[in-house]
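If you're wondering where the values come from, they're calculated on a predicted model, not measured in any experiment.
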Amino acid sequence: MITLEGGEGAGKSTLIEGLRSLLGGRGIEAIYTREPGGTALGERVRELILDPALSGTCPESELLLMFAARAQLVRECIRPALDAGRWVVCDRFTDASYAYQGGGRGQPRERIAELERWAADGLVPDLTLLLDLPVTMGRERTAGRQGPADRIELEQVGFFERIHATYLERAAAEPYRFRVLDASRPPREVLEAAIAALAPLLDEASA
């Protein structure tokens, strides 16, 4: 299981497309999903979490909504795929809750950890690619997107700075799982760095 993490505008979607081409070219069967989302329930939850009209959503509700979507995704998609020997590439997973709902919203780490054990079934990725990007650059990228900003994108700079710091703290605490990629580099260079990080898993798959 490979997860991609990072703040707004880090380029996760672009990197996932590059990984899709890489793994497909090597004959590796994989599923690609995202959080919140990936299931019918999860996509409905995504709409709620990102809806700017729901600006009064309290941090506790946001956290529980994220884990409700995650519980469904784990049981409906991720666990069955892994049990069948397929790879899973997921745009965000539990690290995002530690960063967004923990660092960003101030929810206690212990509360998130308990939900991780229960709702996420204790599932831990084999590799997490953290796309590291300065907050100012990420906000510039999202500002250039078409369409209105979502509820998360409308947050203040301090919110995103706390998220960024939490991601780096988690990467430093688990260097065996995280690989930090410089997301300010051109997409091709980011993909090359991701491929290098994937090398041990790719070698294992081809053995």
Does some side-chain heavy atom of Glu62 sit less than 4.5 Å from a side-chain heavy atom of Arg151? yes
Linking Ile, Leu, Val, Met, Phe, Trp and Tyr by side-chain heavy atoms under 4.5 Å, what else ends up with Met137? Leu133
Quick one: salt bridge (charged side-chain N to carboxylate O under 4.0 Å, His left out) partners of Glu140, sequence neighbours excluded? none
In chain order, what residues pass the side-chain hydrogen bond (donor to acceptor under 3.5 Å, both in side chains) check against Glu153, with sequence neighbours excluded? Arg145
With Glu161 via salt bridge (charged side-chain N to carboxylate O under 4.0 Å, His left out) - residues at least two apart: none
Residues clustered with Ile112, ILVMFWY side-chain links under 4.5 angstrom: Leu63, Leu64, Phe67, Tyr98, Leu115, Trp118
Side-chain polar contacts of residues 10-27 - donor-acceptor pairs under 3.5 angstrom, sequence neighbours left out - could you list them?
from: Lys12; atom 1: NZ; to: Asp91; atom 2: OD1; distance (Å): 2.8

Please enumerate all residues that pass side-chain hydrogen bond (donor to acceptor under 3.5 Å, both in side chains) together with Glu5, with sequence neighbours excluded. Tyr167
Do Leu4 and Val190 share a hydrophobic cluster, counting only Ile, Leu, Val, Met, Phe, Trp and Tyr and linking them when any side-chain heavy atoms are less than 4.5 Å apart? yes
Taking side chain to side chain donor-acceptor pair (under 3.5 Å) as the cut-off, I'd like each qualifying pair that reaches into residues 120-136, sequence neighbours left out, listed once. Thr3-Thr128, Arg79-Asp121, Thr128-Arg177, Asp132-His164
Who passes side-chain hydrogen bond (donor to acceptor under 3.5 Å, both in side chains) against Arg170, sequence neighbours left out? Asp95
Can you name the side-chain hydrogen bond (donor to acceptor under 3.5 Å, both in side chains) partners of Arg185, sequence neighbours left out? Glu189
Quick one: list whatever passes salt bridge (charged side-chain N to carboxylate O under 4.0 Å, His left out) with Glu47, sequence neighbours left out. none
Counting only heavy atoms not in Arg44, do more than 12 fall under 6.0 Å of its CZ? no
Sorted by first residue and then second, give each side chain to side chain donor-acceptor pair (under 3.5 Å) pair with at least one member in residues 27-42; sequence neighbours left out. Glu29-Arg86, Arg34-Glu43, Glu35-Arg70
